[in-house]
Structures are given as C-alpha cells and as structure tokens.
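Reviewing the structure listed below.
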Amino acid sequence: MDLPRIFTIRESNHRIHNPLTPDKYAVLGRALHLAPGTRVLDLASGSGEMLCTWARDLGFTGTGVDISTVFTERARARAVELGVADRVEFVHADASGHVADEPVDVAACIGATWIGNGVAGTAELLSRSLRPGGLMLIGEPYWRRTPPDQETAQACHAGHPSDFLPLPDLIERFGDLGYDVVEMVLADQDSWDRYSAAQWLTMRRWLDRNPDDELAPQVRAELATEPARHARYTREYLGWGVFALMKH
C-alpha cells in the first residue's frame, strides 16, 4: 500500500502537495477562528504541512492519514522539526476507509476527493468523523474557464469537461449536498506555478542523479512536456480551492 514512485519523485521537495502556498494555508487556518486545542483529522495529509504549521501557530491538535510511506515519514519529521510531535500524529494507511476513533472538530480532505470517489462521497466519509457543528474542509479543482473540448480537459488532468465544475456551480453543489459554504481560500496562477514549476527542477535534478533508473525515461518525457502543458492549460483553465463547510 503506497503511492507509485513517480509521485514521490515529482514532489520529493514539496512540503505542500497542492497549489496552496504556505501563506494561503496560514490565512485558511486563521480564517476558521478556532480555539487552541481544536482537533483536526486530515485525510490524504501528504507531508503534513497543514497540520504541523497549524499545531505550531494555532495550537491545534490532530491526526493525518496518508497512503504514501515517503510522505508520512516526512510529515513525522516535520512535526519533530516544528516541535509539535506531541500534538499531531501521522498514520500510514488508506485514507479512503479511515474514520476517527472519536469525533473531531475539523475533518479535512485537501485535494484528494478520489478517496471518496468524488466530492459527495468524500463529504460523506468526512462526516463520519465530524462532531455535530464541526467544520469540514474539502480541497477541489474547478474550471476557471470551461474547456472547449475533450483534449483540453484531459490536458488539465480531467477525463472529461464534466469532471469539474465552474466555481459558482461547485459552491452550489456543496449546498445541494446539505452544506453551507462558510469560508474559502483559492489558489491563483502564481500558486499553481509554485506547485507545478517546482516539480520541474526536482525532476531535472533527479535525472542528473539517476540517469539509469528504470523511471528515467518517464521522468525525461514529463520534463520535456510539462512546462508547456502547464502554461497552455492548467494555469489558464483550472482553478483550485479549499472550501469550509458546515451542515445545514
């Protein structure tokens, strides 16, 4: 049970595995207006940056669950580095089936709604761990511009234009599921660049160190195509945000 190596190669130098910046995560944490001691469950927690910095800066506690052994170990090391290992823990497990032992104040899935087969299923999964009146956080892509064709959608890592919604429609979708949208923090083109472009330097340096690795041809092919694909498609068509939800 782990992520394919290609993911950890691309993002081995990332602390955040989505297009939010550290500043935007700080804004999100403060915007929730929650007291020290707030308990957070973060499903698909990656390298743990959200939980660790919120524990340091806001006094939150919590648990992160991620399928990647590499990212889980990095999250544990980050907790030690920031002096919050007594407040947060990170579990290597399949987040798609994880429910907290006790209800939490905040249940989050930031950019990995595939663990619930989409937004609706992820909201249902998170609700199993959330105390009454608690906050749910879901990170999800949306269309800044509607793709004109299937090719454009696929270049944005969607199978079809219908896989994502325009921002107003996504917000209404949360309402249809029974939730009020009470906050949101959105990525912008610059934060998309920070997420995507940082992968290119990481891949190039990995190639220089590992020219004979079995994945070297795949990494080389991605490095040859990803900068132009990102500039032409992702940063133009695809938005991304974290949405804070409360049950009606």
Side-chain angles (χ1 to χ4, degrees), residues 3 7 16-20 24-25 27-29 31-32 40-46 50-51 62-68 71 93-100 103-147 150 152-188 191-192 195 233-235 237-248:
L3 281 180
F7 290 96
I16 297 171
H17 303 285
N18 60 61
L20 281 199
K24 287 181 180 290
Y25 265 121
V27 167
L28 175 63
L32 301 179
V40 181
L41 174 67
D42 186 12
L43 298 186
S45 52
M50 183 179 80
L51 268 183
T63 300
V65 181
D66 200 273
I67 200 170
S68 169
F71 294 158
D94 184 354
S96 64
H98 188 92
V99 177
V104 298
D105 304 305
V106 178
C109 177
I110 309 299
T113 54
W114 57 82
I115 69 170
N117 295 315
V119 168
T122 299
E124 195 280 327
L125 173 62
L126 292 173
S127 71
R128 297 183 218 165
S129 297
L130 193 63
R131 67 165 176 81
L135 274 166
M136 184 180 295
L137 299 177
I138 291 182
E140 181 70 1
Y142 60 87
W143 293 124
R144 293 180 64 244
R145 295 167 53 193
T146 302
Q150 178 87 355
T152 302
Q154 290 178 336
C156 295
H157 302 300
H160 188 272
S162 63
D163 284 359
F164 304 136
L165 297 170
L167 180 58
D169 295 351
L170 177 58
I171 290 173
E172 290 175 349
R173 173 68 171 143
F174 291 131
D176 293 341
L177 293 173
Y179 294 92
D180 294 319
V181 177
V182 297
E183 250 300 355
M184 68 180 185
V185 174
L186 305 182
D188 54 28
S191 54
W192 261 121
Y195 171 59
Y233 297 109
T234 305
R235 77 187 312 272
Y237 287 92
L238 197 59
W240 198 91
V242 179
F243 303 87
L245 313 174
M246 295 183 71
K247 195 71 176 174
H248 288 338

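One is the number of the first residue; the rest follow in order along the sequence.
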Hey, are the side chains of [X] and [Y] touching, using non-hydrogen atoms and a 4.5 Å cut-off?
X      : Y      : value
Val242 : Asn18  : no
Tyr233 : Thr152 : yes
Leu186 : Tyr142 : yes
Phe164 : Asp169 : no
Leu165 : Glu140 : no
Leu245 : Leu177 : no

Quick one: closest heavy-atom pair of [X] and [Y], and the distance?
X      : Y      : value
Thr146 : Pro166 : OG1-CG, 4.5 Å
His98  : Ser129 : O-OG, 4.3 Å
Trp143 : His160 : CZ2-O, 4.4 Å
Tyr195 : His17  : CE1-C, 3.6 Å
Ala107 : Leu130 : N-CD1, 3.6 Å
Met246 : Val182 : CG-CG2, 4.1 Å

Review point. Between Phe174 and Phe243, what is the ring plane arrangement, given parallel below 30°, perpendicular above 60°, and tilted in between?
Key: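 Phe174 and Phe243: tilted rings.
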Exercise for review: Check whether the side chains of Ser68 and Asp66 place a donor and an acceptor atom closer than 3.5 Å, and report yes or no.
Suggested key: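 The answer is no; no qualifying pair exists.
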I'd like to know if the side chain of [X] reaches the main chain of [Y], judged simply by a donor and an acceptor atom lying under 3.5 Å from each other, with no hydrogens or angles considered.
X      : Y      : result
Arg173 : Ala120 : no
Gln154 : Pro161 : no
Ser45  : Val65  : yes
Trp240 : Trp192 : no
Thr122 : Val119 : no

In Å and rounded to the nearest 0.5 Å, what is the [atom1] to [atom2] distance from [X] to [Y]?
X      : Y      : atom1 : atom2 : answer
Leu51  : Leu41  : CG    : CG    : 8.5 Å
Asp163 : His157 : CG    : NE2   : 13.0 Å
Asp94  : Ile67  : CG    : CD1   : 4.5 Å
Glu183 : Leu28  : CD    : CG    : 7.5 Å
Met50  : Tyr25  : CE    : OH    : 6.0 Å
Asp180 : Lys247 : CG    : NZ    : 10.0 Å

